[in-house]
Amino acid sequence: LESQGKEGKQANLSGKDLSGKDLAERDLRDSFFEGALLMKANLSWAELDRANLSGANLKEADLSHARLQGANLGQADLEKVNLTSANLRNAKLQGANFQDTNLFRTDFRDADLQDARLVQSQNLLSWQLAGANLTATELPGTVSRFEALTQAGEITKTSATLLWTL
C-alpha cells in the first residue's frame, strides 16, 4: 500500500477497519482515511502529508516520527496515540481529541487546533504551538499559564525599577 504522492488516483481507505495494521514507513501522501478505524495501527515514520484522516479513530496508534503536514485530522480520536516527533505543521486538527497522547517534540506550528482537546495530553511545551490557531482549545495547565512569559514580565518590571533608581 503506497500512494507515492503521484498524480492520479490516491489510496481511498475511508471507513475501512485498519486496526492493528502495520503501515510504518509507507508513503500515504494525499490518501483518504476519513472515518477509518486505525486503532493500534503502526504508522511510525509514515508520510501522510495532506492525507484526510478526519473523524478517524486512531486510539493507541503509533504515529511517532510521522509526517502529517497539511493533513486533515479534524474530529479525529487521537487518545493514547504516540505522536513523538511527529510533524503536524499546517495540519487541520479542529475538535481532535488528544487525551493521554504523547506529544514529545510534536510540531504543531501553524496548525489549526480550534476546539481541540489537549488538556490531558503529555509532554506538550508552548514552543510546539507557535503560530497555531488555539481558539477555544483546551490546553494543559502548564501550557495555558505560559509561565515563561510571566517570568519575563516580572524581570522586565524589576529591570525598570533598577533603572529608575539609578
Side-chain angles (χ1 to χ4, degrees), residues 5 19 22-31 33-34 36 38-162:
S19 298
D22 186 1
L23 301 172
E25 300 181 35
R26 301 291 175 116
D27 185 344
L28 299 166
R29 290 175 284 174
D30 301 301
S31 295
F33 293 92
E34 190 173 0
L38 291 154
M39 297 168 291
K40 297 185 179 182
N42 182 3
L43 291 155
S44 61
W45 297 94
E47 291 189 37
L48 290 153
D49 293 339
R50 299 172 308 280
N52 184 350
L53 292 125
S54 60
N57 185 337
L58 292 142
K59 280 185 183 177
E60 299 182 46
D62 184 358
L63 283 152
S64 59
H65 304 278
R67 286 184 45 100
L68 293 137
Q69 284 190 331
N72 182 355
L73 287 105
Q75 303 298 320
D77 191 349
L78 297 152
E79 183 178 339
K80 297 183 181 176
V81 168
N82 181 4
L83 279 168
T84 299
S85 298
N87 184 342
L88 287 151
R89 290 188 84 164
N90 296 303
K92 296 169 187 77
L93 300 156
Q94 306 95 328
N97 175 28
F98 292 91
Q99 182 177 341
D100 295 322
T101 298
N102 184 0
L103 301 175
F104 183 71
R105 293 191 178 172
T106 303
D107 188 351
F108 287 113
R109 287 180 288 175
D110 302 314
D112 187 353
L113 285 156
Q114 183 172 343
D115 296 312
R117 291 172 304 284
L118 292 116
V119 72
Q120 294 178 334
S121 61
Q122 312 294 317
N123 304 310
L124 181 64
L125 300 174
S126 56
W127 69 265
Q128 295 169 255
L129 301 167
N133 176 4
L134 300 174
T135 306
T137 302
E138 295 176 34
L139 295 168
T142 55
V143 174
S144 62
R145 285 192 301 253
F146 291 104
E147 291 174 8
L149 291 177
T150 303
Q151 291 171 353
E154 289 174 13
I155 290 168
T156 302
K157 287 178 190 174
T158 304
S159 298
T161 303
L162 287 173

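Values in this document were obtained by computation on a predicted structure and should not be read as measured data. Values below: all heavy atoms of this structure, side chains included; hydrogens, waters and symmetry mates excluded.
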When you measure from the side chain of N57 to the backbone of K59, do you find a donor-acceptor pair of N or O atoms at a distance under 3.5 Å? yes

Crowding at CZ, R105 (>12 non-hydrogen neighbours, <6.0 Å): no

Does D49 have any salt bridge (charged side-chain N to carboxylate O under 4.0 Å, His left out) partners at least two apart in sequence or in another chain, and if so, which? R67

R109: what forms a salt bridge (charged side-chain N to carboxylate O under 4.0 Å, His left out) with it, not counting sequence neighbours? D107

Do [X] and [Y] touch side chain to side chain, with heavy atoms closer than 4.5 Å?
| X | Y | result |
| --- | --- | --- |
| Q122 | D100 | yes |
| K40 | S19 | no |
| P140 | S121 | yes |

Gap separating the [atom1] atom of [X] from the [atom2] atom of [Y], nearest 0.5 angstrom:
| X | Y | atom1 | atom2 | answer |
| --- | --- | --- | --- | --- |
| L28 | R50 | CG | CZ | 12.0 Å |
| L103 | L129 | CG | CG | 9.0 Å |
| L43 | E25 | CG | CD | 11.5 Å |
| D62 | T84 | CG | OG1 | 8.0 Å |
| L23 | L48 | CG | CG | 8.5 Å |
| S31 | N52 | OG | CG | 10.0 Å |

Throw together a table of side-chain donor-acceptor distances under 3.5 angstrom for residues 86-96, partners on residues two or more places apart or in other chains.
from	atom 1	to	atom 2	distance (Å)
N87	OD1	R89	N	3.0
Q94	NE2	D112	OD2	3.0

Step by step, work out the side-chain contact (heavy atoms from CB on, under 4.5 Å) result for L53 and L38. CA-CA 10 Å; L53 292 125; L38 291 154; 3.7 Å; yes

The side chain to side chain contact (heavy atoms under 4.5 Å, CB included) partners of A24 (sequence neighbours excluded) come to D22, N42, S44

Nearest non-hydrogen partners of T137 and N133, listed with the distance: OG1-O, 4.1 Å

Without placing hydrogens or testing angles, list every side-chain donor-acceptor pair under 3.5 Å for residues 73-81, not counting sequence neighbours.
from	atom 1	to	atom 2	distance (Å)
D77	OD1	E79	N	3.1
D77	OD1	N97	ND2	3.2

One pair to check against side-chain contact (heavy atoms from CB on, under 4.5 Å): D27 and R29. What are the steps and the verdict? CA-CA 6 Å; D27 185 344; R29 290 175 284 174; 2.4 Å; yes

Name the one of L118, D115, V143, L113 that satisfies side chain to side chain contact (heavy atoms under 4.5 Å, CB included) with L134? L113

ring-ring contact (aromatic ring centres under 6.0 Å, His included) pairs, two or more places apart, involving residues 48-105: W45-H65, F98-F108

